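A quick write-up on the structure given underneath.
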Amino acid sequence: LWDGKWKIILTTFVAAIIGVVFSVVKPNSFEVSTPIQSGKQSVFLQYTSLNDLLKDEGLLYQVETNPNGYIFDGDAVFKMFIAEYNDYEEMVDAVSTSEFVQKSIKDLDDDDKQRALIGFAKAFELKAPSKNEENWTLSFEWHDDIEGTKLFNDAIRQTLSNTKNISVSNVNELAEAIDIRNTRNLEQLRNKLSIIEKNQINIIKKRIQYLAEQSAIAKELGIETNRLDANALSQSSQNAISLSVNSNDVPFYLRGYKAIDKEIALIESRSDEEKMLIADGYIQTKEDIISLETDLSSSQLRMAAEVIANDITNDWVQFDFSIADVKSQKKSMLYVALSIVFGGMVGAMYVLISNAVRKRKESSAKA
C-alpha cells in the first residue's frame, strides 16, 4: 500500500473532483414544513345560531345520538378542509402553473402529463399528527422553497374556497330537506283536516236527524217543555238512592220539543268554521298546519348559507410559512467526503490486486 501510495492519492483526488462536480451539478431541493390547525373558535361564533337551529330541527351532529347530523364549527371545517385537500385536485391545478413543471411535462402525452402532475402534487403533503404531536403539518420538498411555498399557498386558498362552497351547498341542501319534510307533513295534516271536516259533517247530520225524530215524538206526545225532574234525580243521588237508569237511558224527547227545536236551529245557524271548532282534533290539526306554514327554519338556513358564502376563509385554518422549518437537501460536503472515502478504497483495492497479480507472475516466471 505504501509503495502504491501515489496511485491511491491519484484515485482519491479524481474521486474528490467527481464528488465536487456532482454536488455542483445536482439540482438542489428544499424540505419545508410548518404546523397547521383549525381556526380559532371565535372565528365561528357567528354560526352559533346556525348550530342552534340545526339542534332544534334534530339535524345537529352528535357523536353518539346523531352521527349522521351536520355541524359548522372549527373542527368540522378543518375535517372538510383535509378531506378536500386529499383529493389533490387543487394541488394539481397549482403545480400546473409552475414553469419548472411545464417544462418537465411538455413532451408527454395527456395521460402521462396527468400522472406526472399528480406525482408533483404529491410532493406537497398534509401530514396527520403522530402519537406525540397535536397538530397536522404542511410539508413539501421542492427545488425552490419560495416557489413551493407560493404553490402550496395557492392550493390551500383554493381548497378553502372549495370547502366554503361545499358548506354552502350542504346548508342549502338541509334547507331543501326541511322544505320537503314540511311539504309532506302539510299534505298529511291537510288530508287529516279534510277527513275531520267530512266526519264532522256526518256527525252534525246524524245529530240533526236524531233531534228531529225526538222533536216529532215530543210533539206527538204533547211534551212542549222539559219533563225531567233534575232536582229529584240530584236529591236521589245525594240520598245514596241507586237508580236503575242513567241520563243516557232517559228518553231525549222528555226534554220537550221547544228545547229540541231550539238546539236544531242553533246547529243549523252555525257557520262552517263554527261547526268545525267543536270537532275532535280540528283545533290541534289547524295549529299544526299554521305552525308548518309559518316555519322559518329553511329560510333561516338559507340566510346562514349566504353568511358562509360571504365569509372570508383565510382564518378558517391557521398556518404560517414564514416560521416554517426549511432544510436544504443538497449536502455538498457529504458528497465530497463520500467521494474521497470511495476513491481511497478503490485506489487501495487496485494497488492490492495489482500487487498480488504482479507477485504471481514473478513466482510463475521463477518456476
Side-chain angles (χ1 to χ4, degrees), residues 41 43-81 83-84 161-210 266-311 313 316:
Q41 289 301 327
V43 175
F44 300 95
L45 283 178
Q46 59 181 321
Y47 300 110
T48 301
S49 58
L50 168 60
N51 293 323
D52 289 341
L53 177 59
L54 292 172
K55 184 177 181 180
D56 293 340
E57 294 295 325
L59 300 173
L60 184 68
Y61 168 81
Q62 293 177 323
V63 178
E64 296 181 356
T65 59
N66 193 12
N68 296 321
Y70 186 79
I71 190 171
F72 194 83
D73 59 12
D75 293 338
V77 167
F78 191 68
K79 289 178 181 178
M80 283 191 288
F81 168 79
E84 181 62 21
S161 177
N162 291 344
T163 300
K164 178 170 73 173
N165 294 336
I166 292 171
S167 300
V168 171
S169 177
N170 288 340
V171 175
N172 281 326
E173 287 178 2
L174 288 173
E176 185 66 22
I178 289 177
D179 282 339
I180 293 173
R181 183 193 66 187
N182 287 351
T183 300
R184 183 177 66 251
N185 290 341
L186 274 172
E187 289 177 355
Q188 294 174 346
L189 287 171
R190 285 168 180 160
N191 183 60
K192 179 181 178 181
L193 187 66
S194 176
I195 293 173
I196 291 174
E197 290 173 347
K198 291 177 181 178
N199 288 338
Q200 185 65 6
I201 290 173
N202 291 331
I203 290 172
I204 291 173
K205 287 181 179 179
K206 180 180 177 181
R207 180 64 177 175
I208 291 176
Q209 181 179 350
Y210 174 76
L266 288 173
I267 292 174
E268 292 177 340
S269 66
R270 292 171 184 163
S271 65
D272 292 341
E273 182 67 20
E274 290 172 338
K275 291 176 182 178
M276 293 301 112
L277 287 175
I278 61 176
D280 292 338
Y282 177 83
I283 294 177
Q284 183 61 53
T285 304
K286 264 289 194 180
E287 289 177 354
D288 293 341
I289 290 174
I290 294 172
S291 176
L292 287 177
E293 289 176 340
T294 58
D295 186 12
L296 300 176
S297 299
S298 59
S299 61
Q300 289 172 341
L301 282 176
R302 291 188 174 92
M303 290 174 61
E306 292 181 5
V307 174
I308 296 174
N310 295 324
D311 199 359
T313 60
W316 284 13

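Residue numbers start at 1 and run along the sequence shown. Values in this document were obtained by computation on a predicted structure and should not be read as measured data.
In terms of heavy atoms, L50 sits closest to A304 at CD1-CB, 3.9 Å. Between I283 and L277, the closest heavy-atom pair is CD1-O, 3.8 Å. Summarising the geometry of N51 relative to I71, their closest heavy-atom pair is OD1-CG1, 3.5 Å, with the distance given to 0.1 Å.
Distance check: S299 OG to I178 CD1 gives 9.5 Å after rounding to the nearest 0.5 Å. Note that CD1 of I289 is 5.0 Å distant from CG of L189, once rounded to the nearest 0.5 Å. Rounding to the nearest 0.5 angstrom, the gap separating the CD atom in E176 from the OG1 atom in T183 is 8.5 Å. Note: S169 OG to I308 CD1 = 11.0 Å, rounded to the nearest 0.5 Å.
Taking S49 as the reference, nothing meets the side chain to side chain contact (heavy atoms under 4.5 Å, CB included) condition, with sequence neighbours excluded. Residues passing the side-chain hydrogen bond (donor to acceptor under 3.5 Å, both in side chains) test with D179, sequence neighbours excluded: S298, R302. For E293, the salt bridge (charged side-chain N to carboxylate O under 4.0 Å, His left out) test picks out R190, with sequence neighbours left out. Residues satisfying the side chain to side chain contact (heavy atoms under 4.5 Å, CB included) test with I208, not counting sequence neighbours, are I204, I264, I267, E268. Under the side-chain hydrogen bond (donor to acceptor under 3.5 Å, both in side chains) criterion, Q46 pairs with D311, sequence neighbours left out. For E287, there are no salt bridge (charged side-chain N to carboxylate O under 4.0 Å, His left out) partners, not counting sequence neighbours. Partners of S269 under the side-chain hydrogen bond (donor to acceptor under 3.5 Å, both in side chains) rule, at least two apart in sequence or in another chain, do not exist in this structure. The side-chain hydrogen bond (donor to acceptor under 3.5 Å, both in side chains) check on Q300 picks up nothing, with sequence neighbours excluded. The salt bridge (charged side-chain N to carboxylate O under 4.0 Å, His left out) check on E84 picks up nothing, with sequence neighbours excluded. A search for ring-ring contact (aromatic ring centres under 6.0 Å, His included) contacts involving F72 returns Y47, W316, not counting sequence neighbours.
With contacts defined as side-chain heavy-atom distances shorter than 4.5 Å, the pair T313/T163 does not qualify. A heavy-atom distance below 4.5 Å is not found between the side chains of N68 and Y70. For the pair I180 and R184, the minimum side-chain heavy-atom distance is below 4.5 Å. Side-chain contact check for L59 versus L53: every heavy-atom pair is 4.5 Å or farther apart.
Between Q284 and D288, the side chains place a donor N or O and an acceptor N or O closer than 3.5 Å (distance only, hydrogens not considered).
Within a 6.0 Å radius of CG in N199, more than 12 heavy atoms belonging to other residues, nucleotides or ligands are found. For K275, the NZ atom counts as densely surrounded, since its 6.0 Å shell holds more than 12 non-hydrogen atoms of other residues, nucleotides or ligands.
Of the candidates L296, L54, N172, L301 forms a side-chain contact (heavy atoms from CB on, under 4.5 Å) with just one, namely L54. Among the candidates I201, T285, N191, the single residue satisfying the side-chain contact (heavy atoms from CB on, under 4.5 Å) test with I196 is T285.
Applying the salt bridge (Lys or Arg N to Asp or Glu O under 4.0 Å) definition to pairs two or more places apart or across chains, those involving residues 56-76 are E57-R181. Counting only residues at least two apart or on different chains, the salt bridge (Lys or Arg N to Asp or Glu O under 4.0 Å) pairs with a member in residues 192-208 are R207-E263.
A donor-acceptor pair under 3.5 Å links the side-chain atoms of N66 to the main chain of G58, judged by distance alone.
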